[in-house]
Amino acid sequence: METGGNLMDWLYILMPIAGVKIFWPGLIILGIGVGIIGGFFGMGGAWMVTPGLNILGFPMAFAIGTDIAHMAGKSLISTMRHGKFGNVDYKLGMIMLVGTIIGFEVGAQMVMWLERIGSVEKVVRLLYLVLLAFIAWMVFNDVAKKRKKDREALAAGREVDPLSTGVEWHKTFHKIKIPPMIHLNVAGIYCSAWLPIGVSFLTGWLAGILGIGGGLIRMPALIYILGCPTHVAVGTDLFEVMISGLYGAATYTFKGRTELVAAIIMLVGASIGAQVGTVATKYIKGYGIRIAFGIAVIGCALSIVLKLLPQYTNMNKALSDNLSTVLVLGVVTALSTYIFVKMLQGAKAEVAAKKAGLAKQPA
């Protein structure tokens with residue numbers, strides 16, 4: 001048995017700061033997959049990476065800090081791609097920056113306090129579960145309402161509005177007229193400046209606690225509370241993730257909770273994946289993005305439930321850890337494969353349409 005163990009040793013790398021041995025191919029799979037998913041959904045993908053790193057063996061505070069460092073670099077690459085497609089509302093991003101940074105620091109200080117009293121693992125996991133359950137409900141409730149509207153329109157003999165949405169909370173929030181009022185031209189929104197500032201503080205605070213770029217919360221918030229079109233929410237959110245991620249990486253590194261070796265390994269995979277995910281948004285629009293997002297959230301929540309089970313049941317801890325790892329890496333792999341295939345199909349159809357157009361042109 002010793003030989004088998006030694007043969008497998010090369011698959012594990014020692015993380016010098018955290019002092020733990022990690023399965024490095026898992027880091028690369030997480031990096032590439034989350035790069036694709038992050039570029040596609042317009043978020044750092046950290047909502048998958050923090051639990052993923054924790055499941056691979058990182059203590060929770062290190063999982064948070066490492067994830068933020070890797071996310072900052074990857075979001076920079078994705079933002080540049082989205083900027084070329086005109087998907088980034090820079091004015092909205094800059095307004096949200098203030099709330100994000102203040103909220104982030106409040107959240108990071110809370111993590112340090114939870115670590116001191118020895119409750120960080122349990123509190124962060126449970127908070128994650130509540131958040132993931134709420135977001136999954138919100139996304140699928142939105143999709144169900146949208147489909148009902150479309151069916152009613154067809155039954156009444158009306159044309160289906162491709163821009164209609166199921167959940168329209170933003171219409172209520174837009175009635176808040178506290179000055180100063182602002183025009184956001186790229187997103188096509190006129191609202192109180194306090195609305196994006198409030199959203200950014202809340203998402204920044206959750207980002208600081210959960211070690212996520214806030215994209216998991218900010219992307220739905222931009223769509224459902226501010227009323228951004230999905231593709232603009234994706235691009236603007238990535239811009240915000242990039243800025244808050246750079247700030248977060250600095251603050252967590254200063255606190256000694258960042259494992260740069262792991263961040264660099266993941267960033268290599270993520271920089272490739274981010275290019276694929278960003279280009280895929282050109283071919284998969286609106287509700288296709290939202291449904292895929294909802295499925296990913298459910299998969300991530302289930303992996304955390306598996307990780308928590310041994311604390312409350314007689315389930316074997318090693319078995320639950322392995323199942324949890326397989327599920328997280330499986331969700332990341334399946335979703336990134338789906339996005340990659342859809343991108344190839346879209347690109348193929350685009351090339352075929354261009355060729356057909358050229359063939360029709362007179363010589």
Side-chain angles (χ1 to χ4, degrees), residues 34 37 41 43-55 58-61 63-65 67-68 71 99-100 103-115 117-144 166-167 169 173 198-225 233 237 241 244 248 290-313 315 320-321 323-324 327-328 331-332 335:
V34 170
I37 292 163
F41 289 132
M43 56 192 80
W47 50 286
M48 283 180 148
V49 179
T50 296
L53 287 174
N54 184 233
I55 285 158
F58 277 87
M60 188 59 89
I64 294 169
D67 181 15
I68 289 168
M71 176 187 72
T100 299
F104 195 99
E105 193 53 45
V106 171
Q109 292 298 338
M110 283 181 74
V111 167
M112 294 298 115
W113 172 71
L114 285 168
E115 194 181 31
I117 63 169
S119 302
V120 68
E121 305 271 334
K122 197 173 179 181
V123 171
V124 168
R125 279 183 196 157
L126 290 172
L127 191 54
Y128 246 120
L129 271 182
V130 171
L131 185 66
L132 291 171
F134 173 70
I135 289 169
W137 168 81
M138 188 169 69
V139 169
F140 287 111
N141 180 42
D142 175 33
V143 171
V167 174
W169 297 341
F173 284 107
V199 166
S200 63
F201 176 80
L202 180 65
T203 54
W205 173 71
L206 279 166
I209 288 184
L210 301 178
I212 56 184
L216 173 65
I217 326 137
R218 200 185 301 109
M219 207 257 297
L222 285 169
I223 293 169
Y224 298 120
I225 297 175
D237 179 39
V241 168
S244 62
R290 293 187 202 188
I291 292 165
F293 176 58
I295 292 166
V297 168
I298 289 170
C300 196
L302 287 174
S303 74
I304 299 169
V305 169
L306 278 171
K307 189 82 177 174
L308 286 167
L309 275 178
Q311 292 178 29
Y312 304 100
T313 66
M315 188 174 183
S320 95
D321 284 357
L323 286 173
S324 192
L327 183 59
V328 135
V331 166
V332 170
L335 199 52

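Computed over heavy atoms, backbone and side chain alike; hydrogens, waters and symmetry mates excluded.
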Test item: Leu129 and Val305 side chains (from C-beta on) under 4.5 Å apart, heavy atoms: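 In contact.
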Sub-4.5 Å side-chain heavy-atom contact between Ile117 and Trp113: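 Result yes, sub-4.5 Å side-chain heavy-atom pair found.
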Report the distance from atom [atom1] of [X] to atom [atom2] of [Y], rounding to the nearest 0.5 Å.
X      : Y      : atom1 : atom2 : answer
Asp237 : Thr203 : CG    : OG1   : 8.0 Å
Leu132 : Leu127 : CG    : CG    : 9.5 Å
Trp137 : Ile298 : CH2   : CD1   : 13.5 Å
Leu206 : Phe201 : CG    : CZ    : 10.0 Å

Which heavy atom of [X] sits nearest a heavy atom of [Y], and at what distance?
X      : Y      : result
Ile295 : Phe140 : N-CZ, 3.7 Å
Gly99  : Ser200 : CA-OG, 3.4 Å
Ile223 : Ala233 : CG1-CB, 3.7 Å

Glu105: partners by side-chain contact (heavy atoms from CB on, under 4.5 Å), with sequence neighbours left out: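 Partners of Glu105 by the side-chain contact (heavy atoms from CB on, under 4.5 Å) criterion, ordered by chain and then number, come out as Gln109, Tyr247, Thr251, Lys255.
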Contacts of type side-chain contact (heavy atoms from CB on, under 4.5 Å), residue Leu323, not counting sequence neighbours: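 So Leu323 forms a side-chain contact (heavy atoms from CB on, under 4.5 Å) with Leu306, Met315, Leu319.
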